[in-house]
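Structure, as structure tokens:
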Amino acid sequence: MFQTEQQIIEANIKTFCTANGIPLAALEWKPIPFSGEWGFSTSFFGTAAAEARLGKKVVVAQRAQEIAEQVKRQIDVPGLSHIEAVKGYLNLYFDTREYTRRVVDTVLEQKNCFGSGPATGQRVMIEFSQPNTHKAFHVGHLRGTILGDAICRILEFAGNDVVRANYPGDMGMHVIKWLWGYLKFHNGEEPATDITRWMGEVYAEAAHRIEENPDLEAELRSLYARWDQRDPEIVALWERTREWSLEGFRQMYAALDVHFDVYYFNSQEEKPGKEMVEELVRRGIATDERAQGGAVIVKIDEVLGLDKEQFRTAVVLRSDGTALYATEDLALALHKFRDYPDLAKSVYVVDVRQSLHFTQVFKILEIAGHAQAQKCSHVSYELVTLPGNVVISSREGTVVLLEDLLREATTRARAEAHKKNPSLTEAQLENVAKAVGLGALKYPILARENTKMVTFDWQTALDFNGQAAPYIQYAHVRCNSILRKAGGLPDVGRSTFDYELNPAEIQLIDMISRFPGEVQRAAAEYKPLAIASIAYDIAKTFAGFYDACPVMQAEPQVRAARLRLVAATRQTLANSLALLGITAPEVM
RNA sequence: GCCCCUGUAGCUCAACGGACAGAGCACCUGCCUUCUAAGCAGUAGGUUGUGGGUUCGAAUCCCGCCAGGGGCGCCA
């Protein structure tokens with residue numbers, strides 16, 4: 001927001017250093033840790049160290065301070081209140097009123113675009129969620145879905161053209177197991193209300209029976225073969241039951257406020273995948289060991305002539321000729337680029353256990369000469385486990401179903417909302433319960449490094465206090481409440497902060513001004529955590545402001561300025577929550 | 001054996017190579033005739049797993065070690 005001033009100052013510093021033979025190191029500007037005023041700074045440690053390396057006898061910290069002091073005397077830029085040289089840092093403080101005005105006016109002008117980046121002209125596909133049909137949809141799947149959705153929202157806001165892709169696993173050993181179990185124990189049954197739950201139960205039962213009696217695996221293999229030959233009876237059953245699952249997913253996504261632009265299905269990639277494998281064999285990249293009872297494999301390290309085990313060996317087709325996920329992922333990767341030839345990036349948001357799989361798939365594509373491979377990347381995330389490091393497993397039955405979690409969260413949120421604010425109408429209660437319940441669910445997942453495990457427990461998931469979505473939503477509600485009581489914003493074109501600002505106000509401005517930078521960082525690193533953090537920081541700072549700075553009862557001029565600040569805060573909170581897929585309610 | 005991730009306050013987690021490592025929870029002390037107390041202020045809590053190295057400066061980068069988790073030819 002002060003780029004012009006920064007550039008002038010940078011030029012000043014360079015001129016001075018050149019004139020005095022000082023080997024200026026690269027200048028890096030950072031915000032000054034808050035001390036009651038807003039400003040930004042750069043240090044001269046690097047420059048002093050460079051002098052030392054050139055043989056000059058200096059104590060680096062001392063010399064850095066010396067340079068900072070000299071430079072300080074060279075700078076004369078309007079808009080700055082004062083400049084200081086401290087501990088080797090050059091601190092530039094803005095005219096606080098001017099800065100505040102700029103920030104607030106920018107937010108109010110740009111509204112729901114505040115923080116967004118300029119269009120990059122890049123189309124990016126994000127594949128995420130990937131639920132398996134014929135299985136339960138549980139909290140383990142929640143992370144990939146929530147994370148992928150947030151990444152899409154952030155990348156879009158940062159200026160990219162995002163394609164949201166889903167890739168349900170609608171065929172594979174798990175589906176065969178389900179069909180087997182259905183035919184054997186539930187033939188003719190149809191799901192009633194809880195579709196996904198019922199699908200999950202049928203699967204768990206089948207998996208269990210097969211585990212108890214491994215001899216039954218022969219039946220599975222023969223069923224898989226019937227599918228592979230497209231036995232009409234099996235295909236028809238598969239189509240009907242698959243639709244049950246997909247309907248369940250649609251309901252789940254609607255409840256989560258997540259949508260997709262395109263669906264790919266692994267069943268559709270079987271044939272093209274097999275063809276690709278054939279070609280790999282013809283070209284000598286893949287080795288067909290089926291004659292010896294083996295599978296079709298790609299010895300990647302050997303193909304690349306590597307001594308160390310790095311990419312290892314990938315199985316790309318089962319010994320019986322049926323397709324694996326690897327088979328299908330090879331085809332899908334190219335399929336995406338046929339559908340969207342201008343894709344700049346093709347991103348896969350999938351849990352960390354599949355890291356080697358994607359490394360192998362992308363590497364094989366590269367070896368086969370497909371340039372698209374360079375544009376493919378895997379964004380991995382850690383698992384959601386249950387207390388005691390118990391992995392959530394449909395087979396073990398250690399699942400917390402998403403629908404149960406959602407119901408519990410909204411019920412709790414509703415009760416809480418009613419308790420805190422009995423004046424809410426039924427319709428309002430409904431909205432608040434949905435917004436708060438869902439937000440409480442999403443926030444803890446997004447406010448965590450992708451590489452860190454999340455342990456699910458009901459207490460934490462349903463804790464609405466402290467560093468959580470409801471706290472941020474509440475800050476938004478408070479902003480809204482003030483603005484509602486004030487009857488909107490005063491009719492002025494721009495803000496005038498013509499009074500001595502309270503430190504809490506300045507701190508709030510500081511946080512708001514950081515939002516656009518955090519959007520860029522979150523997008524560049526696929527890191528919703530950056531948004532989750534800044535949203536919380538803004539809410540926290542606003543709470544301090546709310547306590548320290550009366551708005552309604554302030555003198556007219558102060559009141560007008562603060563109302564605009566409150567409006568800017570509300571907007572920024574709403575924008576940041578939107579990036580997390582969390583609703584910002586009007587009342588709570 | 002090879003590869004990846006994690007290790008920061010009692011617990012759960014932040015911190016883009018920079019100033020005093022910060023929040024929340026839990027604990028303790030205050031604050032609702034004043035814009036919604038889902039809130040605020042304060043107290044307390046740290047050899048950043050460990051040993052080296054790079055750097056003016058390391059929780060952050062590099063190497064070794066320890067501990068936990070995950071992945072390593074026909075699951076997805």
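A quick note: this is a predicted structure, and the numbers were derived from the prediction, not measured. Note on naming: letters A, B, ... go to the chains in the order of the sequence lines (proteins, then strands), and numbering restarts at 1 for each one.
Out of A38(B), C74(B), A19(B), the shortest distance to the side chain of Ala295(A) is found at C74(B). Relative to the side chain of Arg478(A), the nucleotides G39(B), C56(B), C35(B) differ in distance, and G39(B) lies closest. For Lys527(A), the listed nucleotide lying nearest its side chain is A15(B); candidates were A76(B), A15(B), C56(B). When the nucleotides A38(B), A41(B), A15(B) are ranked by their closest atom to the side chain of Glu449(A), A15(B) comes out on top. Taking every side-chain heavy atom of His174(A) into account, A76(B) is the closest of G39(B), A38(B), A76(B). Side chain of Arg448(A), nearest nucleotide from C74(B), G71(B), C13(B): C13(B).
Regarding Glu309(A), its CD atom lies at a distance of 13 Å from the P atom of C4(B), rounded to whole Å. Put simply, CZ on Phe44(A) is 19 Å from C1' on U55(B), counting in whole angstrom units. Note: CG (Asp301(A)) to C1' (C72(B)) measures 11 Å, nearest angstrom. As a whole-Å value, the separation of Lys452(A) NZ from A15(B) C1' is 10 Å. Taking atom CD of Glu28(A) as the reference point, atom C1' of G57(B) lies 13 Å away to the nearest angstrom. Atom CD of Gln354(A) is separated from atom P of G69(B) by 20 Å (rounded to the nearest Å). Rounding to whole angstrom units, NZ of residue Lys363(A) and P of C4(B) are separated by 15 Å. The interatomic distance linking Glu518(A) (CD) with A14(B) (C1') rounds to 12 Å, in whole Å.
If you look at Phe249(A) and Phe137(A), their ring centroids are closer than 6.0 Å. Aromatic ring centroids of Tyr381(A) and Phe128(A) lie 6.0 Å or more apart. Remark: aromatic rings of Trp29(A) and Phe40(A) are close, center separation under 6.0 Å.
Pairing of A37(B), defined by two Watson-Crick or G-U wobble distances under 3.5 Å, is not identified with any nucleotide. Across every strand in view, A67(B) sits in a pair with U6(B) that passes the Watson-Crick or G-U test at under 3.5 angstrom.
Side-chain N/O atoms of Tyr471(A) include one lying less than 4.0 angstrom from OP1 or OP2 on C40(B). Within the 4.0 Å cut-off from OP1 or OP2 of U6(B), at least one side-chain nitrogen or oxygen of Thr451(A) is found. Applying the 4.0 Å criterion to OP1 and OP2 of C56(B), one finds that Arg53(A) has a side-chain N or O inside that range. Proximity of Asn465(A) to the phosphate of G39(B): a side-chain N or O atom is located under 4.0 Å from OP1 or OP2. Neither OP1 nor OP2 of A19(B) sits under 4.0 Å from any side-chain N or O of Lys87(A).
At a cut-off of 3.5 angstrom, the base of C16(B) holds no donor-acceptor pair with the side chain of Arg521(A). For Arg484(A) and C35(B), a side-chain-to-base donor-acceptor distance below 3.5 Å is absent, hydrogens and geometry of angles not being considered.
Glycosidic torsion of G71(B) falls outside 90° of 0, placing the base in anti. C65(B) shows a glycosidic angle more than 90° from 0 and is accordingly assigned anti.
The P atoms of G57(B) and G69(B) are separated by 37 Å, rounded to the nearest whole Å. Separating the P atom of C65(B) from that of G24(B) is a span of 39 Å, rounded to the nearest Å. Atom P of G22(B) sits at a distance of 25 Å from the matching atom of C62(B), rounded to the whole Å.
Residue contacts for Ser355(A): at a heavy-atom cut-off of 4.0 Å it reaches no nucleic acid atom on any strand shown. In this structure, Ala543(A) reaches the sugar-phosphate backbone alone: every heavy-atom distance under 4.0 Å involves primed, P, OP1 or OP2 atoms, never a base. Nucleic acid contact class of Phe45(A) (heavy atoms, under 4.0 Å, all strands): base. Val551(A) comes within contact range of at least one nucleobase, with a heavy-atom separation under 4.0 Å. Note on Cys549(A): a base of the nucleic acid sits closer than 4.0 angstrom, heavy atoms only. Contacts of Arg353(A) with the nucleic acid, taken as non-hydrogen atoms under 4.0 Å apart, involve only primed sugar atoms and P, OP1 or OP2.
With hydrogens and angles left out, the side-chain atoms of Glu66(A) and Gln62(A) include no donor and acceptor closer than 3.5 Å.
The existence of a salt bridge linking Lys274(A) and Glu278(A) is excluded, since no basic side-chain nitrogen approaches an acidic carboxylate oxygen closer than 4.0 Å.
Between Asn502(A) atom CG and Cys549(A) atom SG the span is 3.5 Å, to the nearest 0.5 Å.
Cation-pi geometry between Arg412(A) and Phe464(A) is satisfied (NZ or CZ under 6.0 Å from the ring centre, within 45° of the ring normal).
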